[in-house]
Number of protein chains: 2
Amino acid sequence: MTRREAYHHGDLATAALDAALELVAEDPSASFSLRSLAEKLGVAHRALYNHFADREALLAGLAARGFAQLAATLAPAPDPAAFMAAYVRFALDQPGLYAVMTGRRYEQINAHAPLRAAVDKVIAVALDALATPGADDDTRRREVMRVWMLAHGAIGLQRAGMLRLRSGDEFAEEVLRIAGLAAREENKR
Amino acid sequence: MTRREAYHHGDLATAALDAALELVAEDPSASFSLRSLAEKLGVAHRALYNHFADREALLAGLAARGFAQLAATLAPAPDPAAFMAAYVRFALDQPGLYAVMTGRRYEQINAHAPLRAAVDKVIAVALDALATPGADDDTRRREVMRVWMLAHGAIGLQRAGMLRLRSGDEFAEEVLRIAGLAAREENKR
DNA sequence: ACTCAATGTATCCAGTGGATACATAATCCA
DNA sequence: TGGATTATGTATCCACTGGATACATTGAGT
C-alpha cells in the first residue's frame with residue numbers, strides 16, 4: 001500500500017460504493033445491510049459512518065454515481081429514439097442501480113450536492129438529445145419530459161409486472177414503438 | 001361485541017389494513033413497523049401473523065385494496081383525458097398507497113390472488129377507457145400502455161424530483177398537455 | 001519529534017421481522 | 001349438551017439492523 005490513496009484500508013468511501021453496487025446488482029431491492037457491506041470490505045460496520053452520515057447518504061452516493069454513468073451512456077444519443085433505447089437498456093441492465101437512483105426523494109436529492117449535480121447533468125444531456133433547438137423553453141422542457149415519462153413509466157410498470165411485455169431488446173423496441181419512435185437498426189445493441 | 005364479525009378483537013385482518021393505510025398516509029415511505037401497527041390496534045405484534053404470512057403479505061393486501069379503489073375511481077372515465085387525470089390525481093392524493101401498489105414486484109403480485117385480480121381489473125378498466133373498440137388486441141394493448149406509461153412515469157419522476165413540475169391540479173393538467181390530451185374543463189376537480 | 005485530525009475499532013442500545021410454545025375463545029359435531 | 005377442534009391472540013425468544021458513544025491508531029503538517 002504505497003499508493004497515495006491508501007489511508008488505513010484504502011479509499012474506503014470508494015470501496016464502499018463499489019461493494020454496494022455489487023450487492024445491489026445481486027439484489028435489486030437494495031435491502032443489503034451496512035453490516036454485510038462492511039463485512040464484505042473487512043471493516044468494522046461503524047467505519048462506514050466516517051464517510052457516510054447514514055444509510056441514506058450511502059445510497060445517495062451510489063445514486064449520484066449511477067446518474068453520472070447514465071449521463072455518459074446517453075450523451076452520444078443522436079436522436080430521441082436512440083436516447084430512449086439507451087435509457088431503457090441502462091435501466092434493464094442495472095435494475096438495482098436504477099431503482100436506487102429513482103428511489104431517492106426530492107429532498108434527498110437536493111440535500112446531496114453531487115447527486116443533484118449528476119441529475120442535472122442527465123437533464124442537460126436529455127435536453128440536447130430530445131428538445132428542438134430553436135423552440136422556447138417550455139416546449140423544450142415538455143419534449144424532454146414526454147420521452148422521459150414514457151421511458152421511466154415503462155420501466156416501472158414492467159418491474160411491477162403490470163405490462164407483461166417481453167424483456168430485453170424486444171422490450172426496448174416495443175417501448176419505442178409505443179412511444180411512436182421508430183425502432184431503427186442502429187438502435188439495436 | 002354481539003356483531004358476527006367479532007372474534008376476539010374484531011376483524012383484525014381488516015382493521016390491520018385500515019391502520020396500515022393510515023400509517024402509510026402519514027409516511028409515504030411505508031417504513032412503518034409491524035409492531036407500531038400492532039400497537040395501534042392494541043394487539044400483540046405476533047397476532048398479525050395469523051392473518052398475514054409476513055410483512056410483504058400485508059403490503060400485498062394493502063396494494064390489492066388500493067387497486068380495487070383505483071379501478072372504482074377510473075371506471076367512470078369516458079375518455080383517455082379523463083382517465084389520465086383521474087389516475088394522476090389518485091396517485092397524488094394517496095402517494096403512500098400508490099407507492100405500495102406500484103412497489104410490489106411481478107412475482108409478488110402473481111403470488112397473491114386478490115392482488116393479481118385487482119390489478120387485472122384495473123387493466124380491464126383501462127382497456128375500456130383507452131383502447132379503440134374495433135382495433136386488434138396488440139393495438140389496444142399499446143394504446144393502454146402509452147397512456148399508463150406517461151401517467152406512471154410522470155408520477156415517478158415527480159416523486160423523485162426530476163421534473164420540477166407544479167403539483168396538485170396543475171400537475172395533472174400539465175401531464176395531460178405533455179401527453180397530447182387536451183385538459184378540458186370537465187377534467188378539473 | 002509532536003500534535004492533531006482523520007480514520008477505524010469495540011461495545012452498547014433500542015427496535016425489527018420472524019419463530020416457537022402456549023393460552024383462550026368460538027365453532028362443530030357426537 | 002358438552003367435549004374436541006380450530007381459529008385467534010399472547011408471551012417470550014432470537015438473530016439482525018441502524019445508529020451512538022468511547023476509544024485506539026495512523027498519517028500529515030508543523
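Note that these values count all heavy atoms, side chains included, but never hydrogens, waters or copies made by symmetry. Chain A is the first sequence line, chain B the second, and so forth, proteins listed ahead of strands; every chain is numbered from 1.
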Distance check needed: [N] [atom2] versus [X] [atom1], whole Å only.
| X | N | atom1 | atom2 | answer |
| --- | --- | --- | --- | --- |
| Leu12(A) | dA6(C) | CG | P | 16 Å |
| Leu48(B) | dT10(D) | CG | C1' | 12 Å |
| Leu37(A) | dC16(D) | CG | P | 17 Å |
| Leu41(B) | dT10(D) | CG | P | 11 Å |
| His51(B) | dG18(C) | NE2 | P | 16 Å |
| Phe52(A) | dG18(D) | CZ | P | 14 Å |
| Glu39(A) | dA15(D) | CD | P | 16 Å |

Inset, instruction - Can you establish whether the number of heavy atoms outside Lys40(A) located under 6.0 Å from its atom NZ is more than 12? - result: yes
Legend entry - Heavy atoms of other groups near Arg141(A) CZ, more than 12 under 6.0 Å: yes
Inset, instruction - Could you label the plane-to-plane angle of the Phe83(A) and Tyr87(A) rings as parallel, tilted or perpendicular, counting under 30° as parallel and over 60° as perpendicular? - result: parallel
Inset, instruction - Answer yes or no: is there an ion pair linking Glu143(A) with Arg140(A), defined by an N-O contact shorter than 4.0 Å? - result: no
Inset, instruction - Test for a donor-acceptor pair under 3.5 Å between the base of dA20(D) and the side chain of Arg46(A), counting only N and O atoms. - result: yes
Inset, instruction - Examine the base of dG8(C) for any acceptor or donor lying under 3.5 Å from a partner atom in the side chain of Asn50(A), and report the outcome as yes or no. - result: yes
Legend entry - Terminal helix-axis angle for the helix from dA1(C)-dT30(D) to dA30(C)-dT1(D), with five pairs defining each axis and rounding to 10 degrees: 10°
Inset, instruction - Applying salt bridge (charged side-chain N to carboxylate O under 4.0 Å, His left out), name anything that partners Asp128(A), two or more places apart in sequence or on another chain. - result: none
Legend entry - Worked verdict on Arg65(A) versus Asp18(A) for salt bridge (charged side-chain N to carboxylate O under 4.0 Å, His left out): CA-CA 10 Å; Arg65(A) 264 198 185 189; Asp18(A) 290 343; 2.7 Å; yes
Inset, instruction - Only one of His112(B), Arg105(B), Arg104(B) passes side-chain hydrogen bond (donor to acceptor under 3.5 Å, both in side chains) with Glu56(B); say which it is. - result: Arg104(B)
Inset, instruction - Flag the pair Leu12(B) / Asn50(B) as yes when at least one side-chain heavy-atom distance between them is below 4.5 Å, and no otherwise. - result: no
Hey, what are the protein-to-nucleotides 12-16 of chain C N/O distances that come in under 3.5 Å?
unit_1  : atom_1 : unit_2   : atom_2 : d
dT16(C) : OP1    : Ser33(B) : OG     : 2.9

Inset, instruction - Determine, for Phe67(A) and Arg116(A), whether the Lys NZ or Arg CZ falls below 6.0 Å from the six-membered ring centre while staying within 45 degrees of the axis. - result: no
